[in-house]
**Q** 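This is the structure I have questions about; it appears just below.
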Amino acid sequence: MVNIVVFSGAGISAESGLKTFRDNDGLWHNYRIEDVATPQAFEANPQLVLDFYNHRQKEALAAEPNNAHYAIASLEEKHNVTIVTQNVDGLHEKSGSKNVIHLHGKLDWAQSINNPEHVLPLHGKPIELGNTCPNGFQLRPHIVWFGEQVINVEPALDAISKADKLLVVGTSLSVYPAAGFIEYAPTQCEKHLIALDIDEVPNGFNFIQGKASECVPKLIEPW
Ligand code: OAD
């Protein structure tokens, strides 16, 4: 069995109607990271931060996976597949993928402000001020904010370091440490990168420029 790792970013969900971060009209063109995506932002204006993520949770729940997500999910029928995603939208799971490692959290989960390991599912509900964990601490989004530790690093690096094929899709590779994880792939691993655009193609990658929903199914069809 071939070990396949898919390393995904916001671009894979763009055709499902969810905004990316750095493309034209991306989220970080309309919001300042320091206003909504840091622990300091939550301390300064928790309502603004909750509104931002509650809205994104609603959009993600309403979104449907596209052909890129579905093609990746179907790879599991024949191969040992691990998805390492920076995405928080849950669309890989919704398309049927079973083995998904989340580096930056998930919109449909909350965590205690007192302990990031105390997480619980939201079941589609928004987080309100006054919603608390069983120990009485305010809930916040289960999202890795700037300045916080990326989660699930060990299983992600373990999978990438054993990959026979690595498909990087829909990420600008500009947020570290996550972007650096792809360097853990073995030298002999077959490496592909699909994106509309990228500043710099990392060494050893076959760059396919185009839409995820078209390029992903085409690339992996013979796998
Ligand atoms: P970015 O917005 O930085 O990059 C999106 C990438 O997807 C770009 O390379 C686009 O060219 C590409 N893209 C856009 N539409 C596409 C399409 N239809 N098909 C294929 N590619 C497409 O998003 P990420 O790299 O995911 O972190 O951003 C990384 C992290 O930055 C996110 O996880 C988030 C953000 O701050 C946190 O929130 C912690």
Side-chain angles (χ1 to χ4, degrees), residues 4-38 41 52-53 56 59-60 63 65-69 71-72 82-92 95 97 100-107 141 143-153 156-157 159-160 163 165-185 189-220:
I4 298 177
V5 174
V6 176
F7 183 89
S8 64
I12 196 173
S13 299
E15 292 161 85
S16 295
L18 301 178
K19 281 197 162 100
T20 65
F21 295 94
R22 295 173 184 81
D23 293 302
N24 286 339
D25 199 37
L27 285 167
W28 296 154
H29 290 285
N30 296 305
Y31 294 88
R32 290 179 348 139
I33 287 174
E34 51 272 42
D35 289 340
V36 293
T38 67
F52 175 74
Y53 288 100
R56 288 186 59 212
E59 286 184 335
N66 63 58
N67 286 342
H69 297 102
I72 290 165
T82 308
I83 295 164
V84 178
T85 190
Q86 301 165 89
N87 295 349
V88 294
D89 55 36
L91 289 184
H92 282 297
S95 69
S97 284
V100 188
I101 296 174
H102 284 270
L103 299 177
H104 289 165
K106 283 190 76 186
L107 283 167
I143 297 288
V144 174
W145 284 329
F146 286 87
E148 295 184 320
Q149 298 269 332
V150 167
I151 54 178
N152 297 321
V153 174
L157 293 184
I160 294 170
K165 293 179 197 270
L166 172 64
L167 167 58
V168 176
V169 52
T171 174
S172 61
L173 293 174
S174 56
V175 173
Y176 284 79
F181 290 1
I182 62 171
E183 286 162 26
Y184 284 76
C189 168
E190 187 185 310
K191 303 177 183 101
H192 305 272
L193 169 61
I194 293 174
L196 283 188
D197 203 7
I198 187 101
D199 283 346
E200 199 185 331
V201 179
N203 275 344
F205 275 78
N206 162 39
F207 177 45
I208 302 167
Q209 188 164 25
K211 289 184 178 175
S213 70
E214 292 166 10
C215 299
V216 171
K218 209 159 151 193
L219 172 74
I220 68 184

**Q** Using side-chain hydrogen bond (donor to acceptor under 3.5 Å, both in side chains) as the criterion, list what pairs up with Ser8, not counting sequence neighbours.
**A**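 Ser8 satisfies side-chain hydrogen bond (donor to acceptor under 3.5 Å, both in side chains) with Thr85, His92 only.
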**Q** Which residues pass the salt bridge (Lys or Arg N to Asp or Glu O under 4.0 Å) test with Glu190, sequence neighbours left out?
**A** Lys165
**Q** Report the residues that fulfil ring pair (Phe, Tyr, Trp, His ring centres under 6.0 Å) with Tyr31, sequence neighbours left out, ordered by chain and then residue number.
**A** Phe52
**Q** Among all residues two or more places apart in sequence or in another chain, which pass the salt bridge (Lys or Arg N to Asp or Glu O under 4.0 Å) test with Glu214?
**A**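 Checked Glu214 against salt bridge (Lys or Arg N to Asp or Glu O under 4.0 Å); zero matches.
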**Q** So, using side-chain hydrogen bond (donor to acceptor under 3.5 Å, both in side chains) as the criterion, who are the partners of Asn24 when residues are at least two apart?
**A** none
**Q** Got Val169 and Phe7 here, is their nearest side-chain heavy-atom distance under 4.5 Å?
**A**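 A side-chain contact is absent here, since even the closest heavy-atom pair is not under 4.5 Å.
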**Q** With sequence neighbours excluded, what pairs up with Ser97 under the side-chain hydrogen bond (donor to acceptor under 3.5 Å, both in side chains) test?
**A** none
**Q** Would you sort out whether Leu103 and Phe181 count as a side-chain contact (heavy atoms from CB on, under 4.5 Å), showing the intermediate values?
**A** CA-CA 11 Å; Leu103 299 177; Phe181 290 1; 3.8 Å; yes
**Q** What closest approach, in Å, do Ala68 and Ala212 show between heavy atoms, and which atom pair accounts for it?
**A** CB-O, 3.5 Å
**Q** side-chain contact (heavy atoms from CB on, under 4.5 Å) with Cys215: which residues, sequence neighbours excluded?
**A**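 Here the qualifying residues are Ile194, Ile208.
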**Q** Any chance you could measure Arg56, atom CZ, to Lys19, atom NZ, to the nearest 0.5 Å?
**A**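 NZ of Lys19 is found 11.0 Å from CZ of Arg56.
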**Q** Which residues pass the side-chain contact (heavy atoms from CB on, under 4.5 Å) test with Ile198, sequence neighbours left out?
**A** Leu173, Leu193, Val201, Phe207
**Q** Does the pair His102 and Val88 meet the rule for a side-chain contact (heavy atoms from CB on, under 4.5 Å), with working shown?
**A** CA-CA 7 Å; His102 284 270; Val88 294; 5.7 Å; no
**Q** Suppose we screen for ring pair (Phe, Tyr, Trp, His ring centres under 6.0 Å). Which residues come up paired with His192, at least two apart in sequence or across chains?
**A** Trp223
**Q** Can you list everything that forms a side-chain contact (heavy atoms from CB on, under 4.5 Å) with Thr20? Sequence neighbours excluded, please.
**A**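 In terms of side-chain contact (heavy atoms from CB on, under 4.5 Å), with neighbours along the sequence ignored, Thr20 is linked to Ala10, Ala14, Asp23.
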**Q** Scan side-chain atoms only and decide if Ser213 and Asn66 contain a donor-acceptor pair under the 3.5 Å cut-off.
**A**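 No donor-acceptor contact under 3.5 Å links the two side chains.
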**Q** Among Leu91, Ile72, Thr171, find the residue that satisfies the side chain to side chain contact (heavy atoms under 4.5 Å, CB included) test when tested with Ile12.
**A**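 Of Leu91, Ile72, Thr171, side chain to side chain contact (heavy atoms under 4.5 Å, CB included) with Ile12 is met by Ile72 alone.
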**Q** Taking only residues two or more places apart in sequence, or in another chain, which ones meet Phe21 in a ring pair (Phe, Tyr, Trp, His ring centres under 6.0 Å)?
**A**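 Phe21: ring pair (Phe, Tyr, Trp, His ring centres under 6.0 Å) contacts with Trp28.
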**Q** Identify, with sequence neighbours excluded, every residue that meets side-chain hydrogen bond (donor to acceptor under 3.5 Å, both in side chains) alongside Asn87.
**A** none
